[in-house]
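Index from 1, following the sequence. Ligands are counted one by one from 1 in listed order, and the atoms in each one are counted from 1 as well.
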Amino acid sequence: MHDATPKATTVLTHCPYCAMQCGMALVNDGERWSVASRDFPTNRGGLCRKGWTAAALLDAPDRLRTPLMRDHKGGKLRPASWDEALDHVVTRLEEISERSGPDAIGIFGGGGLTNEKAYMLGKFARIGLGTANIDYNGRFCMASAAAAGVKAFGLDRGMPFPMEDISRTQAILTIGGNPAETLPVMMQYFDAQREAGGTLIVVDPRRSETAKRASLHLQLTPGTDAALANGLLHVAIQHGLIDRDFIETRTSGFEAARRTASRYWPDRVERITGVPARQIEQAAHMIGEAETAMLLTGRGPEQQSQGVNNVLSFVNFMLALGKAGKPHCGYAALTGQGNGQGGREHGQKADQLPGYRRIDNPQHRDEVAAVWGVDPADLPKAGLSAVELLNALGQPGGVEALLVMGSNIVVAAPDSSRLLDRLGKLDLLVVADMFLSETAALADVVLPVAQWAEEEGTMTNLEGRILLRRPVRPPPDGVRTDNEVLKGLADRLGKGRYFTSDARETFEELGRASSGGGADYAGVTYERIDAEDGVFWPCPSPGHPGTPRLFLDRFATEDGKARFHAVEHRLSAESPDAGFPYLLTTGRVLQHYNSGAQTRRVDELRAASPEPFVEIHSETARTLGVGDGDLVALTTRRGRIVFKARLTPDIRFDTLFVPFHWGAGSVNALTNAVFDPVSKIPEFKICAVRIEKVGADAARRLNPISNN
Ligand SMILES: Nc1nc2c(c(=O)[nH]1)N[C@H]1C(S)=C(S)[C@@H](COP(=O)(O)OP(=O)(O)OC[C@H]3O[C@@H](n4cnc5c(=O)[nH]c(N)nc54)[C@H](O)[C@@H]3O)O[C@H]1N2
Ligand SMILES: Nc1nc2c(c(=O)[nH]1)N[C@H]1C(S)=C(S)[C@@H](COP(=O)(O)OP(=O)(O)OC[C@H]3O[C@@H](n4cnc5c(=O)[nH]c(N)nc54)[C@H](O)[C@@H]3O)O[C@H]1N2
Ligand code: SF4
Ligand SMILES: [Mo]
């Protein structure tokens, strides 16, 4: 442990960033906060570079400390008092609601919010404002995996087993996930698995940091995941690797999946995916012959217009092998955001009420209305999903006011130039953030809120383990918590009696509201979380131990069986053509987190990774006359942005990769907002693109969002 001076204060809490939610200690030496290691069962003392440097956020010089307002469109943001800002917001919201109905008000939440905030935000939308239109950035993130999990297993918990099980499985199949950069501290379990003789197969168009550690890397063409999965299933059936007993007793729907897979023989799959037939056979055998095996998916296959089907097709393969619902076997989606798991359970989704209840289910409506003390008939219906909501901004009959809490949509949403236009047409944009993010900078009203270590609250990590974040200090003067903001608005709307800003009270209420639902928190208290190093849901009563492992006896479907789904390979929305001959895919680097609003404010991270770039294969670059560090313009049907070229042998010849963490030159000016019909996730991972070398002048003209 840390050798703190006697005067030092130490607070045990968790990292502000990803779904690992690594345990950390924050130490104050009397002057500044710094991060120290904490032995917690998930990260076991480990932190990645983002975690180690997180304390810099607390002292960030450009931290917002007062509400800001604009007196008229196009005017400058000026400081305002909380009363002035909240009064103004409520006056405008009431006008808009009166004129156009409550659904003209939209709310956009985030998977980084604590459970208490996500829950309150959903409640605020439904009974504070009466709007149906609330959704959140998890729609960009876990939506496909979640929908597939419900379809196949009847319940979506990203990882249905504790993370440590990864080290105990013989074979791992990772599809389009790069945990070596995105969940770095988890790699200790992969390393232990490999040291115990296990194998790792990685499916990714790039030889990512994770793929570099793999026993086998299948470097597929972006957007061909379902073809590859069908190919694996085809081989498994042909070569007698499947588990007939498991299929018979624990699954349904195999026959249709088998028929579909019969058309995906390895040579054909090689032609579609670019993965050699021999490697497909090898992979099927490595997983099929292992005693135990796991499937892990990241955003690669999920953030596609076929995202749900892509996941289902790989789940088919695992089910056929009997590698699910058994110890050290199963499917996990690698959840992304800090509270990406809890944030998708408690009602900030357009179609959802707390505890994974559905807003279109009469019984679920009754149950939640009873806890809230309202008439179920007064609860709105399902609203617009994230992309649909953003598409409706400023449109006739659409959404006229938007409250954003926990997302930097200008950087993170697809087809962002179109979004910028529509944001400009809103009557009212309100953003709650601790920094003047690119989105906050466009707002009519900016509300400065507390950071992660300045308030209490729970987060549910990627294993479904509920954790407690402890404050190290109260928020600075002039700053309020998100739930104080919601309470302040609710008071002014005459709905204050339904709301509290107290985190513990909120968590108790959440426990009641989730009771009996799929994600049941009723038996969890802050004290238990503290004493037990986290509690796994479902935990329906105080005496219940929590549920580290799901599905061991039965799946959560009505008949207890997991379901196969016959899935065909379909083309993504755009394929390369003469005008746009390459595939553009997007993702992450280790040093930055999501839109970068936080990590770009940490000097060490900014120095380590200062600007956006495009990864291009060295051979492709050579044919284009592009050298390492040259400026290139990428053009898609939606926009044109200049990047620095980074030459690498580790990407396919036909594919370009750009991380999305920067405001200036956000790659999302290029991405396609088309979405999956079931999950409504946008196709961040695939569009057609042209690349050409340009000079420095062009760079200045072509990047629309100013730097931040
Ligand atoms: N350092 C860091 N860590 C993070 C985050 C961060 O921003 N930075 N964000 C967090 C969040 S919110 C999330 S959701 C997770 C995301 O975690 P990951 O899913 O691991 O991250 P990505 O980089 O988005 O995508 C993973 C891989 O998908 C590959 N890929 C691209 N197209 C395809 C395709 O068509 N098929 C397949 N199979 N693969 C493809 C990419 O090459 C990339 O290596 O990370 C979390 N952790
Ligand atoms: N091209 C491309 N685009 C992508 C992706 C991709 O792979 N490619 N991935 C998508 C995915 S998976 C995700 S999750 C999104 C993430 O992208 P965003 O939704 O932008 O998420 P963050 O950057 O984490 O932004 C959170 C914002 O909320 C603020 N914030 C943090 N904590 C709190 C809090 O407690 N309260 C309030 N009020 N504010 C807070 C931060 O300062 C920041 O401004 O991006 C999506 N966009
Ligand atoms: S792995 Fe995630 S939670 Fe852990 S230190 Fe890094 S960013 Fe923080
Ligand atoms: Mo995400």
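- Here the closest non-hydrogen pair linking Ala85 and Pro67 is CB-CB, 3.8 Å.
- When only interatomic distances are considered, the shortest N/O to N/O separation between Ala432 and ligand 2 falls below 3.5 Å.
- Which parts of ligand 2 touch Ala597 is read off a 4.0 Å heavy-atom cut-off, strictly below it: atoms 42 (O), 43 (C), 44 (O).
- Residue Ala412 touches ligand 2 through backbone and side chain together, judged by heavy-atom distances below 4.0 Å.
- Ion pairing between a basic and an acidic side chain is recognised when a charged N comes within 4.0 Å of a carboxylate O; Asp135 and Lys680 show no such pairing.
- Protein heavy atom in closest approach to atom 4 (C) of ligand 1: Thr182 O, 3.4 Å.
- The pair Glu454-Arg63 meets the salt-bridge criterion, with a side-chain N (NZ, NE, NH1 or NH2) lying under 4.0 Å from an Asp/Glu carboxylate O.
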| How far apart are the C-alpha atoms of Arg470 and Glu456, what are their side-chain angles, what is the distance that settles it, and do they pass the salt bridge (Lys or Arg N to Asp or Glu O under 4.0 Å) test? | CA-CA 5 Å; Arg470 284 195 196 77; Glu456 212 173 22; over 6 Å; no
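- A salt bridge links Glu604 with Arg49: at least one charged nitrogen is closer than 4.0 Å to a carboxylate oxygen.
- Of the candidates Asp204, Asn594, Asp225, Asp225 brings a heavy atom nearest to atom 38 (N) of ligand 1.
- Listing protein N, O or S atoms at distances below 2.8 Å from atom 8 (Fe) of ligand 3, with waters left out, gives Cys15 SG.
- Arg213 and Leu200 make their closest contact through O-CD2, 4.1 Å (heavy atoms, listed as atom of the first residue, atom of the second, distance).
- The protein atom (non-hydrogen) at minimum distance from atom 2 (C) of ligand 1 is His592 O, 3.3 Å.
- Under the 4.5 Å side-chain criterion, counting only non-hydrogen atoms from C-beta, Asn594 is not in contact with Phe140.
- For the atom pair CG (Asp654) and OH (Tyr582), the distance works out to 9.0 Å, reported to the nearest 0.5 Å.
- Under a 4.0 Å criterion applied to the non-hydrogen atoms of Pro184, ligand 3 contributes the atoms 1 (S).
- Here the shortest heavy-atom distance to atom 40 (C) of ligand 1, taken over Pro205, Gly340, Gly587, Pro301, belongs to Pro205.
- Listed by number with element, the atoms of ligand 2 under 4.0 Å from a non-hydrogen atom of Asp433 are 27 (C), 28 (O), 29 (C), 41 (C), 42 (O), 43 (C), 44 (O).
- Salt bridge status for Arg206 with Asp650: absent, with no side-chain N to carboxylate O gap under 4.0 Å.
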| field | salt bridge (Lys or Arg N to Asp or Glu O under 4.0 Å) between Arg473 and Glu455, intermediate numbers included | value | CA-CA 8 Å; Arg473 65 171 192 211; Glu455 56 185 322; over 6 Å; no
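- Using a 4.0 Å cut-off between heavy atoms, Cys141 contacts ligand 2 through both its backbone and its side chain.
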| task | Could you walk me through whether Glu484 and Lys487 pass salt bridge (Lys or Arg N to Asp or Glu O under 4.0 Å), step by step? | result | CA-CA 5 Å; Glu484 283 169 354; Lys487 169 81 172 135; over 6 Å; no
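- Considering only non-hydrogen atoms, atom 26 (C) of ligand 2 lies nearest to Gly406 out of Ser437, Gly406, Gly111, Gly596.
- Atom 31 (C) of ligand 1 has Thr585 OG1, 3.0 Å as its closest protein atom, hydrogens excluded (heavy atom only).
- Nearest to atom 25 (O) of ligand 1 among the protein's heavy atoms is Lys685 CE, 3.6 Å.
- Residues meeting the side chain to side chain contact (heavy atoms under 4.5 Å, CB included) test with Tyr136, sequence neighbours left out: Arg344, Gln348, Lys349.
- Between Val589 and ligand 1 there is a heavy-atom distance shorter than 4.0 Å.
- For ligand 1, the polar-atom distance check finds an N/O of Leu590 within less than 3.5 Å of one of the ligand's N/O atoms.
- For ligand 2, the atoms sitting less than 4.0 Å from at least one non-hydrogen atom of Lys117 are 34 (C), 35 (O), 36 (N), numbered in the order shown with element in parentheses.
- Of the polar atoms of Gln303, at least one N or O is found under 3.5 Å from an N or O of ligand 2, judged by distance alone.
- Taking the charged nitrogens against the carboxylate oxygens, Arg44 and Asp39 have no contact shorter than 4.0 Å, which rules out a salt bridge.
- Distances shorter than 4.0 angstrom occur between a heavy atom of Leu113 and an atom of ligand 2.
- Atom 39 (N) of ligand 1 has its closest protein heavy atom at Gly176 CA, 3.2 Å.
- Atoms of ligand 2 found under 4.0 Å from any heavy atom of Asp482, numbered from 1 in the order shown, are 34 (C), 35 (O), 36 (N), 37 (C), 38 (N).
- Of the candidates Thr586, Leu64, Leu57, Leu670, it is Thr586 that places a heavy atom closest to atom 8 (N) of ligand 2.
- Residue contacts with ligand 2 for Asn408 involve both N, CA, C or O and side-chain atoms from C-beta outward (heavy atoms, distance under 4.0 Å).
- Put simply, part of Lys50 is less than 4.0 Å from ligand 1, judged by heavy atoms.
- By the 4.5 Å heavy-atom criterion applied to side chains, Leu57 and Val602 are counted as neighbours.
- Within the listing of ligand 2, atoms 37 (C), 38 (N) sit less than 4.0 angstrom from a heavy atom of Val449.
- His661 counts as a contact of ligand 1, since one of its heavy atoms falls under 4.0 Å from the ligand.
- Taking 4.0 Å as the cut-off, Ile175 counts as a neighbour of ligand 1 on heavy-atom distance.
- Annotation for ligand 2: atoms under 4.0 Å from non-hydrogen atoms of Met405 are 38 (N).
- Residue contacts with ligand 2 do not include Met142, since none of its heavy atoms lies under 4.0 Å from the ligand.
- Among Arg299, Gln591, Arg588, Glu181, the residue whose heavy atom lies closest to atom 24 (O) of ligand 1 is Arg588.
- With ring centers used as reference points, Tyr17 lies under 6.0 Å from Tyr593.
- Put simply, CG on Leu467 and NE2 on His14 are 4.5 Å apart, with the number rounded to the nearest 0.5 Å.
- For the pair Gln306/Val567, no side-chain contact is recorded, criterion being any heavy-atom separation below 4.5 Å from C-beta on.
- Shown in contact with Asn137 at under 4.0 Å from a heavy atom are these atoms of ligand 2, numbered in order with element: 18 (P), 19 (O), 21 (O).
- Applying the 4.0 Å criterion to heavy atoms of Ser595 picks out, from ligand 2, the atoms 20 (O), 22 (P), 23 (O), 25 (O).
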| task | For salt bridge (Lys or Arg N to Asp or Glu O under 4.0 Å), just list the numbers for Glu574 and Arg637, CA-CA rounded to whole Å, side-chain angles, deciding distance to a tenth of an Å, and then say yes or no. | result | CA-CA 10 Å; Glu574 289 186 354; Arg637 290 182 174 83; 3.6 Å; yes
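- Using a 4.0 Å heavy-atom cutoff, Tyr593 is listed among the residues neighbouring ligand 2.
- Phe660 and Phe684 have parallel rings, their planes meeting at less than 30° on a 0 to 90° scale where 60° marks the start of perpendicular.
- Of the candidates Gly336, Ser208, Ala229, Gly300, it is Gly336 that places a heavy atom closest to atom 15 (C) of ligand 1.
- Considering only non-hydrogen protein atoms, atom 20 (O) of ligand 1 sits nearest to Asn178 N, 2.7 Å.
- The aromatic rings of His661 and His592 lie tilted to each other, with the angle between the two planes from 30° to 60°.
- Using a 4.0 Å cutoff on heavy atoms, Gly110 does not count as a contact of ligand 2.
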